[in-house]
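One structure below.
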Amino acid sequence: MINHNELFSNIGLNLKATYTQLPEILFSKLMPISVKDPKTVVLNNELSSELGIDFSDLSSKDLSNFLSGNRIPSGIGPFAQAYAGHQFGNFTILGDGRALTIGEQSTPKGEIYDIQFKGSGRTPYSRGGDGRAALGPMLREYLMSEAMFYLNIPTTRSLAVVETGEKVLRETPLKGAILTRVAASHVRFGTFQFLAAHKDIDAMSKLLDYCIKRHFPEILDSPNKVIKFIELVMSKQINLIVNWMRVGFIHGVMNTDNSTICGETIDYGPCAFMDQYDHKAVFSSIDFQGRYAYGNQPATIHWNLVRLTESLLPLIDKDESKSLEVAQSTIDSFSNIFNKEWQNMMRLKLGLTDQSEEDEELIKDLLSWMQSKKPDFTNTFANLMDSNHANDEEFEDNDFVEWKKNWKERVNNKDYLNIMKKTNPILIPRNSLVEEALNEAETIGKLDKFNELNKVIASPYNIEKAPKKYLDTPKKSNIPYKTFCGT
Ligand code: AMP
Ligand code: MG
């Protein structure tokens, strides 16, 4: 009889757990809690081959047993991570309450990725939760994270979803599921906050070196590596949020435990892409104050970066006032860097590669017109690229026609359309289509719509590959779209 580890090494799994070399306060080793009757619902073959894993020789039973955590390679020691976080501004000690990292996979290209199960059972950090996840939210995370990847935005990715064959109790009993998530690492701003709260400076210093080795090896020997680290995390996060703004993405729950050191989008809960433009767009049913609204995302990431920096102060200098002074000037550089990156992104959305003094005005005028008329965000830019593509009535508006004339005069490079095509997706996972697909999967177990959506979101910039129904502006609804955390 073949032993499990042999089975797993044959398929290319080479998991390590370097994280568990860190001080024990940072994790708990434990096994996933087995589930009754796992069935693989979706498997991402493209991602598995990037990871150097080939599942094709596994029977469907072995595959589902693996992806549910019922049977995983022994000796590595899966672990749940401890962390803390400001949730809607309130500091809380948290941790992986329903997730387990089964190890770090080294890819054929030599990159290292955490492989993690989400929904794999209770952990020491579960607080009141059941450690489980429901099928709908896990399929949603799968779809949204893959959409993000194909939009060229840093993100955790999704390898698979399995149904567990067990029910999870939410408002009603729902089908249970486990998502296999892949991340450059799962270290969060809140992981540093956790150590700061415990005043464990030695562990923090070790975690910092760990993150630097994994994500920013170029600064390992730098004399002021803490500040360099903050600068690099800031730069990754600015790039991330600017990209979210580019495609109209609203994360929905930008708590500090949902901001990663590696700069990937993580924890797809109540997120959504906006249809109609609104700077104040909020979809999350629990975001009553609009704290994480579309237009608040830049200020929020700044706030989160301040929390990360505060935690790291003891590592900057033994003299607290010196630490504060250096850290302050790093944090103060945020606005300039962000605004520059954001302006550049907006310029590219308009096909502009050079800079001109009037650009700021041009961009501002467009956005204030959009704020007043609330046209479809994606299709406003699609209309600029091809006025026949999206001819919603808003685009007949005199102010827009006038603006467009000014813009056309300003565009002076021959290549502008190619630049715009690379910057402006013409296809995003539309809220109504996502809901339809998830509803079908949850209620009657059919995956046709999910699979189709999953396929089309892989070509968000390619009009030739986009079926027309995915390009139309969705009909306006009187009922505001609401999203839920799905915990
Ligand atoms: P999230 O909103 O998904 O970022 O989760 C916030 C925190 O709640 C994290 O520490 C999660 O691990 C935890 N959590 C979410 N759902 C559950 C659940 N069903 N059982 C246990 N912990 C959970
Ligand atoms: Mg989270």
Side-chain angles (χ1 to χ4, degrees), residues 26-28 30 32-33 35 69 78-101 114 116-142 144-145 148 155-156 158 161 164 166-183 185-194 197 237 240 250-272 283-288 291-292 300-301 304 307-308 483-487:
L26 280 165
F27 60 87
S28 297
L30 73 158
I33 298 163
V35 299
F79 57 93
Q81 284 169 302
Y83 52 83
H86 275 93
Q87 300 192 300
F88 289 90
N90 303 311
F91 186 75
T92 319
I93 297 287
L94 300 158
D96 290 329
R98 55 163 171 174
L100 272 187
T101 301
D114 285 2
Q116 185 180 82
F117 294 146
K118 186 165 171 179
S120 50
R122 283 180 56 81
T123 77
Y125 314 110
S126 296
R127 300 176 291 160
D130 61 358
R132 293 295 182 194
L135 179 63
M138 293 305 99
L139 286 176
R140 194 165 200 279
E141 171 152 350
Y142 187 106
M144 297 303 252
S145 61
M148 218 54 164
T155 177
T156 62
S158 296
V161 176
T164 59
E166 296 172 4
K167 292 278 184 214
V168 293
L169 201 59
R170 297 296 180 257
E171 268 146 31
T172 52
L174 298 171
K175 287 178 189 162
I178 296 171
L179 169 84
T180 307
R181 169 160 87 180
V182 175
S185 90
H186 285 87
V187 182
R188 301 143 190 272
F189 288 17
T191 320
F192 284 93
Q193 289 183 286
F194 173 81
Q237 285 292 338
L240 182 66
I250 299 151
H251 182 281
V253 59
M254 284 179 75
N255 296 332
T256 53
D257 50 302
N258 290 337
S259 290
T260 54
I261 296 299
C262 66
E264 291 178 350
T265 312
I266 197 171
D267 277 357
Y268 291 82
C271 64
F283 299 109
S284 168
S285 58
I286 57 165
D287 191 357
F288 305 112
R291 182 179 171 99
Y292 301 137
T300 302
I301 200 59
N304 289 358
R307 303 286 84 77
L308 172 69
T483 53
F484 301 89
C485 276
T487 56

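Each ligand, and each atom within it, is numbered from 1 in the order the structure gives.
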Next on the checklist: Over 60° means perpendicular and under 30° means parallel, so tell me whether Phe27 and Phe79 are parallel, tilted or perpendicular.
Outcome noted: perpendicular

Using a strict 4.0 Å cut-off to heavy atoms of [X], name the atoms of ligand 1 that fall inside it.
X: Gly129; result: 20 (N), 21 (C)
X: Arg132; result: 19 (N)
X: Arg127; result: 7 (C), 8 (O), 13 (C)
X: Arg170; result: 19 (N)
X: Gln87; result: 6 (C)
X: Asp267; result: 4 (O)

Proximity flag [X] to ligand 1, non-hydrogen atoms under 4.0 Å:
X: Gln81; result: no
X: Ser126; result: yes
X: Gly95; result: yes

Residue portion contacting ligand 1 (non-hydrogen atoms closer than 4.0 Å) for [X]:
X: Lys118; result: neither
X: Tyr83; result: side chain
X: Asn258; result: side chain

Item to check | Presence of salt bridge, Glu141 and Arg181, under 4.0 angstrom | outcome: yes

Next on the checklist: If I apply the N/O under 3.5 Å rule, does Asp96 come out as touching ligand 1?
Outcome noted: no

Next on the checklist: Tell me whether Leu94 has any N or O atom under 3.5 angstrom from an N or O of ligand 1.
Outcome noted: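 By distance alone, the answer is no.
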
About how many Å separate [atom2] of [Y] and [atom1] of [X], when rounded to the nearest 0.5 Å?
X: Phe88; Y: Met254; atom1: CZ; atom2: CE; result: 11.5 Å
X: Asp257; Y: Phe194; atom1: CG; atom2: CZ; result: 13.0 Å
X: Thr123; Y: Gln81; atom1: OG1; atom2: CD; result: 11.0 Å
X: Thr256; Y: Tyr83; atom1: OG1; atom2: OH; result: 10.5 Å

Next on the checklist: Regarding atom 18 (C) of ligand 1: of the candidates Gly131, Ala134, Ala82, which has the closest heavy atom?
Outcome noted: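 Answer by nearest heavy atom: Gly131.
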
Checklist entry - Tell me, which protein N/O/S atoms are under 2.8 Å away from the Mg ion (ligand 2)? => result Asn258 OD1, Asp267 OD2

Checklist entry - Side chains of Lys118 and Asp96: closer than 4.5 Å at any heavy-atom pair? => result no

